[in-house]
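Each chain gets a letter, A, B and so on, in the order the sequences are listed, and its residues count up from 1. Note that the structure is a prediction, hence the values are computed from the model and not measured.
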Amino acid sequence: MIGFGAPWEKRMIAVVDDEETVRKALVRLLQAAGYSARGFNSGTDLLQNWPAYEPDCLVLDLEMPGLSGTDVQRALNRAGVHVPVVVITAHDSARARAECLREGAIAYLCKPVDERVLLDALRLASSH
Amino acid sequence: MSWVTVIYSMTASACLMLALIYGFIWWRQRDAWVDLLFALAAVATAAVAWFDLAILRASSPAEMVSAIRWLHLPHWMLILSLAGFVRLFLEAGRAWLFWTACGLRTAAVILNFLTGENLLYREISSLRHLTFLGESVSSIGEGVPNPWMVVGQLAGWALILFVVDATITAWRRGDRRKAVFVGGSILFFSVAASGQTAFIVWGHFDWVPTTSLFYLGILVTMGYEFGGEALRAAQLSRDLTASQQQIALATEAVKLGFWSRDFEREDFWASDIWRALFGFTSSETLNVDKFLRRLHPSDRETTRQGLENAYQGDGSYQSEHRVLLPDGQVRWLACQGRLESKGDNQPLRLQGVSLDITKRKLAEQEARALRNEVAHLMRVSSVGELSSALAHELNQPLTAILSNAQAAQLFLARDDVDLEDIRDILRDIVADDQRAGEVISRLRNLLKKSEFQPQELNANELIGEVLKLMNYELTAHAVRVVTEFTAGLPSILGDRVQLQQVLINLILNASDAMSRQAENARTLTLSSNRVESSAVQISVTDTGSGLPPGDEEKVFEPYHTTKAQGLGLGLSLSRSIIRAHDGRLWAENHAAGGATFHFTIPEWERDAR
């Protein structure tokens, strides 16, 4: 299963999700797939660690207390940071999807996220 | 024609007629002693009239002496009857005065036969003749007064004192009419008669004896009042009969059964309607055991306990129970009774009424079933409103489970499998699965159809469960939740699902009311308190725009809604659910904005279960 093509496997992926169990499981999955993944419990948590920790790709939950996934995207865009973003959400809506893609997300995935779909999205991110 | 004969004979006849009437009444009603005394007084007056006539017709001193002597016997009887009549009719007069008057009059009669020729004269030596009513009548010419006569006069004054005392007591008590007619007439005619006798005896007054005419005056005046009493009693009797007929009609119309348990006679009596309600025949002997055996087995103990409480407690008895009729039919009855006790608190009689409430009970059951049905539909509707929140609640653990399982697959595909990692993953999968299971279980509870099932609940836990269910919904609407729980609250008695439903409805309304506020101004406060009436109060407060002024009650009316897509049944149903819990739900507007919905639920009482 490993091997979506080097050198992305050792790239750093930040997983931002307020739900601890989901965050932990996603980090674990990405690590099992060969990525160097790290979890953040909120958008604020991520931005506070930026740019000391500057991941190659973001897996970003949409609905979070405080800063939402879209808010994080906007903050990064305003700062001129262009990092590939994969948005995941438990609430699919056309409006949210359009908004995320407008802010530059390369993929918009619905929970529960299948491993193949997620890794495909990350591989797509590598091409950016 | 002799006017003297006519007047005295008519006096005697009138008195005898009165005696006959009241004697007959007494004969029919032997405990009516006051009628007997009146009749005796009338007989005595008739005899006095006869002796008065004998005095007027006396042709020799010996005849005069004899007539006066025997006159004292009916006179004695008259005084005793009058005194007794006053005592019983006015229900007044000191006993010692009564006995003094009676005793002195009795002594006077004895002295009448033992001293001199009679009580008034030791000796009458000659007669003289007067003209009275146009004819010649006899009067006393010369005689020696008997000094023992003073005993008779004392007896007269004792009677007057007794009557004065009784009259004053009756007057003060409020029986003024009786006092004037009975007391007043006796006093007036007694004083007049005594005065006349004294003047004749002491020779100051040349007049013939007319005592019987005075006594007739007393009898007529007393009879007027006494007869009026009888007429009023007759009217009361007619009124009572009419009332009884009205009661009978009413009881027949509503099938109200009367029953009475007499403790002294160990007797249980019940009306025919009551017997029919319980399926007993008219001739069947009844007792408490038979009554209890006729009840539904589930209701026997509580009814027996209710009866016991009436004997031991405040004497009131109330119960609603089912009766199992011999044909297998079940009937609901409401019973209400009151215990009468003797002075020493010994139960004397427990009596009351029973009413068939089967129709009402069936209607209540139907209403309850309908309410449950509507409540269920409203819960389904609430779940619809919460569907995105529930999807989120389920998607989160499912996402974690899927990611963990796929991570495990990837780990296992490696050559260097770390079993500790696999164990961690499996532990997390189990935990997330349980979490998803809890969400489904809460959802299933809300969606299931169930009867009203009151049970012991903790109010704070109940609120906590609802908040778990609505966590995402509130977060998604940026509502900040504040809980102000009172620690150590007593348990409440309630149906978990229905109370959760009320809370969900109130919280959804609060969240909706705050949707136009700025996100940082949306605060939902949930509080719990104990209130005085042995109940727990739960309050849901929002910081929305509040209710339209004056709408604090209107919001509970069915189909009243301010939402574009609301049915307007939520608050109406919530109030009906809280009422079924014997609680109260009401709204309160805040001056600073926002509203609070409070509801109370009675405490759970261990003994009451």
Side-chain angles (χ1 to χ4, degrees), chain A residues 1-4 9 13 15-37 39 41-42 59-71 86-96 109-122, chain B residues 385-439 468 471-481 519-520 522:
Chain A
M1 297 291 287
I2 307 170
F4 288 97
E9 283 78 355
I13 314 278
V15 177
V16 188
D17 198 313
D18 62 307
E19 189 73 34
E20 192 196 347
T21 53
V22 174
R23 187 172 68 243
K24 191 176 164 189
L26 286 172
V27 167
R28 197 181 261 152
L29 174 66
L30 294 176
Q31 285 172 346
Y35 291 101
S36 167
N41 61 17
S42 67
V59 174
L60 193 57
D61 183 27
L62 198 54
E63 298 88 11
M64 291 185 290
L67 291 180
S68 69
T70 324
D71 293 336
V86 174
V87 171
I88 52 170
T89 178
H91 287 287
D92 183 21
S93 79
R95 189 177 159 193
L109 309 178
C110 292
K111 291 180 181 177
V113 188
D114 185 71
E115 166 213 2
R116 284 175 187 279
V117 179
L118 179 61
L119 295 183
D120 280 351
L122 289 178
Chain B
E385 285 189 56
L386 290 173
S387 60
S388 60
L390 291 166
H392 180 268
E393 289 291 315
L394 273 176
N395 268 333
Q396 294 293 54
L398 289 179
T399 303
I401 290 167
L402 184 62
S403 299
N404 273 320
Q406 291 178 330
Q409 284 177 327
L410 293 176
F411 281 133
L412 287 169
R414 287 181 182 173
D415 297 332
D416 54 337
V417 181
D418 186 341
L419 286 178
E420 196 50 44
D421 282 347
I422 303 296
R423 278 193 205 97
D424 278 350
I425 287 172
L426 289 174
R427 234 187 332 265
D428 285 353
I429 287 175
V430 169
D432 281 320
D433 192 80
Q434 284 172 340
R435 183 181 147 194
E438 281 171 19
V439 174
K468 269 187 195 167
N471 178 41
Y472 178 77
E473 177 73 19
L474 294 169
T475 309
H477 287 90
V479 173
R480 191 171 72 94
V481 177
E519 289 197 354
N520 59 0
R522 301 175 187 174

S.K.: Highest number of heavy-atom pairs under 4.5 Å with chain B: which of A:Ile88, A:Asp17, A:Asp114, A:Leu29?
M.R.: A:Leu29
S.K.: Please determine whether a side-chain nitrogen of the Lys or Arg among A:Glu20 and B:Arg435 lies less than 4.0 Å from a carboxylate oxygen of the Asp or Glu.
M.R.: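 Not counted as a salt bridge, because no side-chain N and carboxylate O are separated by less than 4.0 Å.
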S.K.: Please check if the side chain of B:Gln406 supplies one atom and the backbone of A:Glu115 the other of a donor-acceptor pair under 3.5 Å.
M.R.: yes
S.K.: Rounded to the nearest 0.5 Å, how far apart are NZ of A:Lys111 and CG of B:Leu398?
M.R.: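 Answer for the NZ-CG pair, A:Lys111 versus B:Leu398, is 11.0 Å.
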S.K.: Quick one: of B:Ile401, B:Leu402, B:Leu394, who has the most non-hydrogen atom pairs under 4.5 Å with chain A?
M.R.: B:Leu402
S.K.: If you count heavy-atom pairs under 4.5 Å between each of B:Thr475, B:Ile425, B:Asp432, B:Asp421 and chain A, which one has the most?
M.R.: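 Between B:Thr475, B:Ile425, B:Asp432, B:Asp421, the count favours B:Ile425.
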S.K.: Supply the atom-to-atom distance A:Glu19 CD to B:Asn395 CG, rounded to the nearest 0.5 angstrom.
M.R.: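 One finds 11.0 Å between CD of A:Glu19 and CG of B:Asn395.
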S.K.: Specify which of B:Asp424, B:Ile429, B:Asn404 makes the most heavy-atom pairs with chain A at under 4.5 Å.
M.R.: B:Asn404
S.K.: With rounding to the nearest 0.5 Å, note down the distance linking OG1 in B:Thr399 to CG in A:Asp61.
M.R.: 9.0 Å
S.K.: Whether the side chain of B:Arg414 engages the backbone of A:Ala32 through a donor-acceptor N/O pair (distance < 3.5 Å, no angle test) should be reported.
M.R.: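 Such a contact is found between B:Arg414 side chain and A:Ala32 backbone.
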